[in-house]
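Structure, as structure tokens:
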Amino acid sequence: MLYNPQVIERKWQNKWKESDAFKLTNDKAKQSDAKKYYVLEMFFYPSGKLHMGHVRNYTIGDVVARYKRLKGFDVLHPMGADAFGLPAENAAIKNKMPPKKWTEQNISSMYEQLAGLGISYDWERSVETCKPDYYKWTQWIFTQLYKNGLAYKKKSYVNWCPDCATVLANEQVVSGKCERCGSEVGKKDLEQWFFKITNYAQELLDDLDNLKGWPEKVRLMQANWIGRSEGAEITFDIAGGEGDTKNLTVYTTRPDTIFGCTYMVIAPEHPIVAELIKGTQQEDECKNFINKIKFMSEIERTSTDEKLGVWTGRYVINPYNNEEIPLYLANYVLMDYGTGVVMAVPAHDQRDFEFAKKYNLPIKISVQPKGEQVKSGDLTESFAADGVLFESGQWSGMPNREALTKMIDYAQENNFGKKKINFKLRDWLISRQRYWGAPIPIVYCPKCGEVCLDEQDLPVILPENVEFTGKGTSPLLTSEEFMHAKCPKCGGDAKREADTMDTFVCSSWYFLRYCDPKNSAKAFDRDVVDSFMPVDQYIGGVEHAVLHLLYARFFTKALADLGYLSAREPFANLLTQGMVLKDGSKMSKSVGNVVSPEEIIQKYGADTARMFIMFAAPPERDLDWNDSAVEGLYRFLNRVWRLVTDYDSVIKDGNSSENKKLDDELNFALNSCVKKVSDDIERFAFNTAISSIMELVNVAYTYRANGGANVALMQQVAQKIVVMLEPFAPHIANELAEIIGFPITEWITYDASALVQANIEVPVQINGKLKDKIVVPTGSDDDVIKAAALESDKVKAALDGAEVRKVIVVQGKLVNIVK
RNA sequence: GCGGGUGUGGCGGAAUUGGCAGACGCGCUAGAUUUAGGUUCUAGUGGGCGACCGUGGGGGUUCAAGUCCCUCCACCCGCACCA
């Protein structure tokens with residue numbers, strides 16, 4: 001009987017499907033004696049075809065799920081589709097196929113492909129975010145956020161992707177380009193919907209410290225994105241200013257350097273600028289400058305370090321020393337951070353230093369390095385480190401960190417400043433001018449104004465009679481039927497909000513819906529969710545480090561605060577798997593180095609694909625696809641197949657014989673393998689787990705070749721190999737289990753006593769260099785081992801009569817002789 | 001610029017706590033089986049004739065360093081005028 005993956009894989013997949021083999025029958029976890037384990041892979045976007053990245057992601061999750069199941073856990077392992085989004089809409093425009101149809105076709109095809117990999121999902125729990133019974137609750141969450149002040153509409157200067165014809169969240173702009181399509185992102189002044197994620201900035205930052213099971217890299221990326229900084233706001237009077245131009249407030253993290261402040265800078269797009277420059281001699285020059293900056297794209301503006309500026313014609317007064325300093329417009333000040341106004345201290349800030357040099361502004365030292373007296377004219381760059389205050393009034397001579405606090409207190413006492421904490425994190429812009437998304441559950445009533453719908457009016461169904469323009473206004477505007485609504489407050493005619501929600505909104509809570517996917521009365525039941533959450537192991541690509549993973553954390557905290565669940569963090573452990581490369585670069589159509597999973601499955605079977613992908617590299621590292629190494633894994637599975645079936649026929653012959661030495665060797669290999677594979681899977685070292693199984697298979701072959709024929713032992717070996725293989729290559733494992741009549745029901749254990757051998761081999765070093773290996777009885781005293789080591793001929797020869805200064809015996813490891 | 005990661009045979013990688021560097025696999029070489037190719041099996045495979053030398057380079061700690069410390073280099077990823 002030959003190994004035929006195509007036949008057995010289909011057989012087992014059908015079996016699993018027909019018996020709902022991986023269905024989690026409990027409504028709640030923890031009701032049974034078993035412990036729950038929630039393993040989750042990031043759900044897929046229904047592009048139509050699985051790629052190797054999916055195969056890797058989902059195989060990792062499946063190994064964990066199958067292993068935990070065999071260990072007796074109640075494993076929650078669901079899959080679904082992140083089904084709203086632009087590609088469906090673009091495909092609709094291109095192929096004249098409704099997005100819904102395109103998406104649904106792709107979803108069912110991808111579910112089939114996943115089943116073809118033998119992934120053990122609880123299919124009954126699948127959720128698709130584009131279905132009304134899901135997005136009803138996405139909309140409901142919006143209403144909850146709205147009612148609690150966490151969703152609001154405001155006019156603002158937002159990111160605009162011209163190709164996607166929609167606005168984008170800050171997180172979706174990567175170095176000035178659209179995260180999706182790579183187009184250069186522009187700015188537009190629009191009224192848009194936001195979620196108040198900034199309310200959670202501090203908690204999102206603080207709780208990162210508790211996420212010990214997350215990669216350091218991801219935690220740091222989030223911390224940087226949140227970008228907390230401590231400082232002060234200080235108000236400067238404007239010389240000759242009154243009314244709107246009475247004063248300006250700056251944000252600074254270094255108020256201790258304020259005696260070195262020689263000018264002030266305001267962002268050119270700051271709304272007060274027009275008023276400020278009006279009627280000054282500089283008015284025309286400033287207007288020209290503002291226009292110039294306006295016409296620069298985001299990329300042009302940020303890609304240059306060149307600092308450009310112009311004097312406004314105005315002066316401001318430093319409240320600490322009453323000095324008048326000039327007020328400049330400059331490209332290097334950002335409107336949307338702090339107050340949009342900055343006090344410039346060239347001596348202690350590199351940007352200010354460069355600007356001051358260029359425009360010949362004074363440089364004044366206010367912090368000296370400890371024990372030094374630097375002259376400002378000698379500076380070749382700014383001095384940003386700590387030191388002692390210099391020429392700074394009553395604070396002169398004080399260590400700057402101490403002065404910093406005291407100077408803020410002084411500002412507070414004199415009513416011109418206060419302590420201030422700032423974050424880089426902005427509120428999350430969630431409206432999109434696109435069709436294929438969850439409609440925002442808001443209507444505009446001529447009488448009542450902006451009205452948020454109540455739960456009984458949900459879902460707001462996405463209409464199908466819509467024109468796709470791709471022109472930047474929401475396609476929903478073209479559906480009169482949709483746009484026309486009744487105001488829930490007064491019952492009068494009202495208009496619907498035409499924008500839809502960012503798909504990241506839909507994916508920020510799907511892991512909660514999996515816990516209670518069929519609930520038609522609620523988004524999810526609190527008790528049920530509490531019994532499963534948090535996700536014990538989340539697995540996905542690192543590209544979501546600050547998008548999905550930050551939003552999902554925000555949703556979890558907000559929903560917890562509203563009383564809908566207990567967990568304040570969604571994902572206890574996170575594994576970010578590496579990319580699948582071919583010839584050193586990412587698989588992509590344009591490079592032409594794509595290896596399709598289908599092709600591999602057809603040629604070698606899903607088990608081989610899974611084995612290769614788990615064997616070729618540790619999960620978090622990039623993995624280079626290698627066709628001949630894939631064949632190697634196929635060879636290995638054939639080798640396992642032959643070994644087990646051959647053993648089986650020997651066992652059935654019943655001619656058993658014992659050979660203590662051979663039997664001991666095999667028994668030792670067997671037990672150490674079981675221990676190693678268990679340990680390795682626990683620590684996600686799947687590659688070494690597989691290599692250990694390979695070693696055992698090699699030993700098992702040698703055993704037979706040398707005449708080993710202990711039937712009971714061979715039976716154990718066959719059974720345990722099959723169980724250990726199950727998480728990685730479930731089809732062949734179950735088929736072999738059936739052949740040898742040993743159903744796989746639980747993980748296997750090892751016999752610790754079998755790991756203790758009568759004799760052990762001890763390496764002997766001289767000065768740390770290996771010279772010989774000696775064999776001593778297990779458990780020998782240091783003295784015995786030492787004597788044996790010194791007896792060795794090789795050691796004697798290497799010592800060549802030299803004096804032995806010291807002998808170090810490390811039990812269970814080695815002997816080192818120091819000469 | 002700031003932050004993080006990586007660097008080990010021809011290749012992917014192993015060495016979990018400072019203790020035999022190169023497990024396991026690919027590739028390669030030779031042989032057996034075979035009409036032949038493929039499959040399968042066996043042996044070998046870091047370098048050097050050797051003493052020895054070898055984990056990106058240099059230095060250090062230690063009886064012992066891929067692993068710890070200092071320093072330099074290369075590549076990759078993230079952020080990037082955040083005051």
Torsion-based syn/anti label for B:rG50, 90° from 0 as limit: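 Classified anti.
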Counting any heavy atom closer than 4.0 Å, what does [X] reach on the DNA or RNA strands: base, sugar-phosphate only, or nothing?
{"X": "A:K676", "result": "base"}
{"X": "A:R805", "result": "nothing"}
{"X": "A:D679", "result": "nothing"}
{"X": "A:K769", "result": "sugar-phosphate"}
{"X": "A:D680", "result": "base"}
{"X": "A:G338", "result": "nothing"}

Which nucleotide in B:rA23, B:rA83, B:rG7 has an atom nearest any side-chain atom of A:E695: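 That would be B:rA23.
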A:L770 side-chain proximity, nearest of B:rG12, B:rA14, B:rC20: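 Closest nucleotide among those given: B:rC20.
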Lys/Arg cation over aromatic A:Y3: A:R642, 6.0 Å, 45° cone: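 No, A:R642 does not sit over the ring of A:Y3.
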Presence of A:R642 side-chain N/O under 4.0 Å of B:rU39 phosphate oxygens OP1/OP2: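 No, outside the criterion.
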Say you pick atom [atom1] in [N] and the same atom in [M]; how far apart are they, in whole Å?
{"N": "B:rA32", "M": "B:rG25", "atom1": "C1'", "value": "23 Å"}
{"N": "B:rG58", "M": "B:rC73", "atom1": "P", "value": "15 Å"}
{"N": "B:rC28", "M": "B:rG60", "atom1": "P", "value": "43 Å"}
{"N": "B:rA80", "M": "B:rU61", "atom1": "P", "value": "44 Å"}
{"N": "B:rC81", "M": "B:rA15", "atom1": "C1'", "value": "46 Å"}
{"N": "B:rC53", "M": "B:rG7", "atom1": "P", "value": "25 Å"}

Between A:Y67 and A:E682, a side-chain donor and acceptor under 3.5 Å: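 A donor-acceptor contact under 3.5 Å links the two side chains.
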Distance-only side-chain donor-acceptor flag, A:T253 / A:S229, under 3.5 Å: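 Side-chain D/A pair, A:T253 to A:S229: absent.
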Pair pattern of RNA chain B in dot-bracket, where unpaired bases get dots and | marks partners in another strand, Watson-Crick or G-U under 3.5 angstrom: (((((((..(((......[....)))((((((.......))))))((....))..(((((..]....))))))))))))....
Could I get a table of every N or O pair under 3.5 Å where one atom is in the protein and the other is in nucleotides 59-64 of chain B?
residue : atom : partner : partner atom : Å
B:rC63  : O2'  : A:N816  : ND2          : 3.2
B:rC63  : O2   : A:N816  : ND2          : 2.7

